[in-house]
Amino acid sequence: MVDEAARRHADRVWAARHGVETGAALRFGSLSRRMWQAGAPEALVELAAQASRDETRHASRCEDILRGRQAPVPPPETRLLEYAPPELTPEQRLTYEVVAQSCVSETESMATLVTLLDAARDERLRSVIHELARDEVGHARIGWGYLTWARERMDLSFLAALLPVMVGGSAGPDLFRPALPGTDDPGLFHSGVVPHSERQRIYLETLESVVIPGMHEHGVDTGPLRQWMDQRRAELAHAPRDA
Ligand SMILES: [Fe+2]
Ligand SMILES: [Fe+2]
């Protein structure tokens, strides 16, 4: 049984996911066009365009879940959000956005969804989570494929110092703060939501097991990112469990 604060939190998380999916649809559409302009392989350009369509479908699945929970459906994200520092060159900015969206966000989202898949009892919820998880695996691959192509054409070392900010931005402002009331309830798993402390653990573990080895493989120094992770771990070890 999930208490009232946890139930409201689950509504907010599904509403936030709806925003993330609509935003990702816009971002993949833009990345596909920019990859095409940069001369990236057609297969990657097409995969990014397909990812944009997938994200629109994901948003409508989130809408279904919200309706099923009798929670309000928020308006879609209409802004094309970009995170690359403006001082980068255009090709570095494209690379930054591809890495942030694909290699980091999609990889983290996949890890979250796979965890949820094990816990979801409700058949409808389970099938939505399964569909989303399957697609995010492909969306994450776009980034690694792009880096394989890009590293032959440009120096990727600029990414090293930027990874902590990128990864911190993707985590959002609340992830490494103490849990707010209702956000760390284990019952949340059954609503398709990972409790707060488990989210922290999954986020760091996925960086460790997927993002760091992937960056290393593409010749990007992961020292600054590791340092950032050590700081987060030290904070978590000293922080109280609840706000
Ligand atoms: Fe998605
Ligand atoms: Fe995705």
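Each ligand, and each atom within it, is numbered from 1 in the order the structure gives.
- Every pair passing side chain to side chain donor-acceptor pair (under 3.5 Å) that includes a residue from residues 150-166 is listed here, sequence neighbours excluded: D155-S157.
- Two residues are said to be in side-chain contact when any heavy atoms from C-beta on lie closer than 4.5 Å; M215 and L147 meet this criterion.
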Could you tabulate the donor-acceptor pairs under 3.5 Å formed by side-chain atoms of residues 37-48, not counting sequence neighbours?
residue	atom	partner	partner atom	Å
E46	OE2	R53	NH2	3.0

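- Among pairs with a residue in residues 108-130, those fulfilling salt bridge (charged side-chain N to carboxylate O under 4.0 Å, His left out) read D64-R124, at least two apart in sequence or across chains.
- Counting heavy atoms from C-beta on, the side chains of Y146 and V99 never come closer than 4.5 Å.
- Within the protein, the N, O or S atoms sitting under 2.8 Å from the Fe ion (ligand 2) are E55 OE2, E106 OE1, E106 OE2, E136 OE1, H139 ND1.
- With no hydrogens or angles considered, a side-chain donor-acceptor pair links H139 and E136 at under 3.5 Å.
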